[in-house]
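Input: a single structure, listed below in structure tokens.
Keep in mind it's a predicted model, so treat the numbers as computed, not measured. Read the numbers this way: they start at 1 and go in the same order the structure lists the ligands and their atoms.
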Amino acid sequence: MPALLEAQSLAKHYGGVHALDGVDFTIEPGITGLLGANGAGKSTALKLFLGLIDPTEGRAIFEGVDVASSPRVRQRLGYMPEHDCLPGNVDAVEFLSYMAQLSGLPRHDARVRAADTLRHVGLEEERYRTLGTYSTGMKQRVKLAQALVHDPALALLDEPTAGLDPMGRQQMLELIEHIGREFGISVVLSSHLMGDVERTCDRVIVLEAGRVSREGSVAGFTTETTTLAIQVSEGADALTEELRRRGLDPRPDGPSLILESVEEDAYDIVRDAVVASGALLYSMAPRQHSLTELFRDDLAPNAAPAAGEPAATEEPS
Ligand code: ATP
């Protein structure tokens, strides 16, 4: 079975600017993050996969077909552009019906499908308001809805959390996960925010100045460390003392006690110390690296956030 998307030596140059510099990668079904600082080439890659721009070199392939020579593949793709692109003077149902009809649905089916999709993105109540009166969060949802209204196999979402406050961002990421996991629509999520990718994606491809710098499963990157985090609901001081007596060196970190560089036997020592101290153990687990820690050096220098957005290295709130 061919990969869903494939970049083969894919390049796009604008004069001397190498927006994409001959990249090779594949994207399988599921939710994939395309992560990179501003200007890394993410939007360019999405536009090449949609056939909206032609590559300077190489091929963009969707389900085994070169998109440059077969524009019809676009019927199976949904696209949420980064920038505001909505007409202000029509309501959401009208706009979405129109988009559904453009993709070939008859008028009545398109209206039904538009109403369904608006319900899925949480805009049922506001569906007859003109788009010009929508908040940024609502506009992002309409943009997402128009990417889904024709039931694509794959949705390409360009910075879907741009301009959203923490609550709006959380809701948008939940929606994207829902689409990917419940509706069976694969997603490519382009973002400069590692937190977005970490929360939502199965795999990540990291772009840096037009090249792929890393790729792999998010779980593979966020590997377990040798740091152990212990939470107790009572008796933290007594447990700290008991652990010290047994040769460990716990350090408090908010509600947790942290043990660094632990060996296998630390789990047995903690168990015995919990019993001896009478503390009430709530949880004990190895800490995981976050993508933020792993990619801090890669993304930080260029990742100037847009106004009102968290920086690329900032953890989601
Ligand atoms: P952002 O999120 O800031 O859009 P990005 O990773 O999506 O970042 P691209 O928009 O793909 O980056 O741009 C990659 C590089 O190509 C940038 O240096 C950009 O200025 C340049 N570029 C993109 N489109 C054009 C164009 N039409 N003409 C000239 N240069 C372009």
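Checking Leu118, Leu96, Val142 one by one against Arg127, the side chain to side chain contact (heavy atoms under 4.5 Å, CB included) holds for a single residue, Leu118.
The salt bridge (charged side-chain N to carboxylate O under 4.0 Å, His left out) contacts involving residues 238-248 comprise Glu242-Arg245, Glu242-Arg246, where partners must be two or more places apart or lie in separate chains. Listed by first and then second residue, the salt bridge (charged side-chain N to carboxylate O under 4.0 Å, His left out) pairs that reach into residues 133-157 are Asp84-Lys139, sequence neighbours excluded. Applying the salt bridge (charged side-chain N to carboxylate O under 4.0 Å, His left out) test to every pair with at least one member in residues 40-62, sequence neighbours left out, gives these pairs: Lys42-Glu159, Arg59-Asp66.
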One line per pair, note the atom names and distance for all nitrogen or oxygen contacts under 3.5 Å between ligand 1 and the protein.
unit_1: ligand 1; atom_1: 3 (O); unit_2: Asn38; atom_2: ND2; d: 3.2
unit_1: ligand 1; atom_1: 3 (O); unit_2: Gly39; atom_2: N; d: 3.4
unit_1: ligand 1; atom_1: 4 (O); unit_2: Glu82; atom_2: OE1; d: 3.3
unit_1: ligand 1; atom_1: 6 (O); unit_2: Ala40; atom_2: N; d: 3.0
unit_1: ligand 1; atom_1: 6 (O); unit_2: Gly41; atom_2: N; d: 2.8
unit_1: ligand 1; atom_1: 6 (O); unit_2: Lys42; atom_2: N; d: 2.9
unit_1: ligand 1; atom_1: 6 (O); unit_2: Lys42; atom_2: NZ; d: 2.8
unit_1: ligand 1; atom_1: 7 (O); unit_2: Ser43; atom_2: N; d: 2.8
unit_1: ligand 1; atom_1: 7 (O); unit_2: Ser43; atom_2: OG; d: 2.7
unit_1: ligand 1; atom_1: 8 (O); unit_2: Gly39; atom_2: N; d: 2.7
unit_1: ligand 1; atom_1: 11 (O); unit_2: Thr44; atom_2: N; d: 3.0
unit_1: ligand 1; atom_1: 11 (O); unit_2: Thr44; atom_2: OG1; d: 2.5
unit_1: ligand 1; atom_1: 12 (O); unit_2: Gly41; atom_2: N; d: 3.3

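Using bins of under 30°, 30° to 60° and over 60° for the plane-to-plane angle, the ring pair Phe183/His120 lands in the perpendicular bin.
To the nearest 0.5 Å, the span separating CD1 on Ile27 from CD1 on Ile61 amounts to 12.5 Å.
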